[in-house]
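The structure appears below as structure tokens.
Just so you know, these numbers use all the heavy atoms, side chains as well, and skip hydrogens, waters and symmetry mates.
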Amino acid sequence: MYKQEKINPYNKQGDKGKLVKEMFDNIAPTYDTLNHRLSWEIDKRWRKKAIKQLLPYQPQSILDIATGTGDFAIQSAKMLKPKAIIGADISTGMMKIGEKKVKEEGLEKIISFQKEDCLNLSFPSNTFDAVTAAFGIRNFQDLDRGLEEMHRVLKVGGHLCIIELTTPINFPMNHLFKIYSKIVLPLYGRIISKDRSAYDYLNKTIAAFPQGETMMKIFKEAGFSKASFTRLTFGICTMYIAEK
């Protein structure tokens, strides 16, 4: 068991998946505002950079895991021009907002949303050309199981593209990030979302989540034949690409 798997929202005991769903349903109305403001809008650039990695492969069927309000799916639709994208998430509250955004962008024929347990996906094996995930896998109650499911539903030769918040490893950014994540992020999150503990939880999972070379071993154990990573913005975010 990885460290972040032991951390539950609201410090409650019980099924982590249900608690994560409760938390994201609670913060859904303010999630986009906080996500963009807390990253100084840099999260949009991270998504675009990650999606560019998939351009050479021209995936036509994409599964966006932990899709939330659909930002990664929407950007993928615009840049990759696939035939279909399914956004999968456990939080219906987040996906309802995503559906509104998709309609506003006129992408209803390409993007659909589906409630899914990301540890037990309902899709047949070898279904998708690409699987994507942005800022979501650290909330899995079983990271290994989640990655194995992503691997299962990918076609042979298909690609997994993940971006995840991480802790910078070099001075002085590592110290500055600790101050920002422990003080600014939770405080601002409480003010905007009115949820006093959700952003405390999110901050703790960033610090606990495995990253870099450790994730390369985890991808290999999940069945991926190739994997690489790139640290973005001084290591605040890490981009992972893996191939089945």
Inset, instruction - Treating Ile, Leu, Val, Met, Phe, Trp and Tyr as nodes and any side-chain heavy-atom pair under 4.5 angstrom as an edge, say whether Ile97 and Tyr31 lie in one connected cluster. - result: no

Which distance, rounded to the nearest 0.5 Å, do you find between the [atom1] of [X] and the [atom2] of [Y]?
{"X": "Arg152", "Y": "Thr127", "atom1": "CZ", "atom2": "OG1", "result": "7.5 Å"}
{"X": "Gln58", "Y": "Leu80", "atom1": "CD", "atom2": "CG", "result": "9.5 Å"}
{"X": "Thr132", "Y": "Leu63", "atom1": "OG1", "atom2": "CG", "result": "7.0 Å"}
{"X": "Met239", "Y": "Lys49", "atom1": "CE", "atom2": "NZ", "result": "5.5 Å"}
{"X": "Lys21", "Y": "Asn26", "atom1": "NZ", "atom2": "CG", "result": "9.5 Å"}

Inset, instruction - Keeping to residues at least two apart or across chains, list the side-chain hydrogen bond (donor to acceptor under 3.5 Å, both in side chains) pairs with something in residues 72-82. - result: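 Output for this query lists Lys78-Glu105.
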
Legend entry - Residue of the set Lys16, Met23, Gln13 for which side chain to side chain contact (heavy atoms under 4.5 Å, CB included) holds with Asn8: Lys16

Inset, instruction - Could you check Asp71, Asp43, Leu202 and say which one makes a side chain to side chain contact (heavy atoms under 4.5 Å, CB included) with Phe135? - result: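 Among the candidates, only Asp43 passes.
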
Inset, instruction - Determine, for Lys101 against Glu104, whether the closest basic-nitrogen to carboxylate-oxygen distance falls under 4.0 angstrom. - result: no

Legend entry - Basic-acidic side-chain contact under 4.0 Å: Asp200, Lys204: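 So Asp200 does not pair with Lys204 through a salt bridge.
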
Inset, instruction - Search all heavy atoms of Cys118 against all heavy atoms of Ile65 and return the closest pair with its distance. - result: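 Answer, listing the atom of Cys118 first, then Ile65: SG-CG2, 3.6 Å.
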
Inset, instruction - Kindly say whether Asp89 contributes a backbone atom to a donor-acceptor pair with the side chain of Thr67 at under 3.5 angstrom? - result: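 Checked: no pair found.
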
Student check: side-chain heavy atoms of [X] and [Y] closer than 4.5 Å:
{"X": "Ile206", "Y": "Thr166", "answer": "no"}
{"X": "Lys155", "Y": "Lys244", "answer": "no"}
{"X": "Glu149", "Y": "Phe140", "answer": "no"}
{"X": "Ile74", "Y": "Val102", "answer": "yes"}

For residues 210-226, tabulate all N or O donor-acceptor pairs below 3.5 Å that involve a side-chain atom, not counting sequence neighbours.
unit_1	atom_1	unit_2	atom_2	d
Gln211	OE1	Thr167	N	3.1
Gln211	NE2	Thr167	O	3.0
Ser225	OG	Glu243	O	3.2

Inset, instruction - Check the surroundings of atom CD in Glu108: do more than 12 heavy atoms from other residues, nucleotides or ligands lie under 6.0 Å from it? - result: yes

Legend entry - Pairs where residues 134-143 contributes a residue and the test salt bridge (Lys or Arg N to Asp or Glu O under 4.0 Å) is met, not counting sequence neighbours: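 Applying salt bridge (Lys or Arg N to Asp or Glu O under 4.0 Å) to every pair that reaches into residues 134-143, excluding sequence neighbours, yields Arg138-Glu164.
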
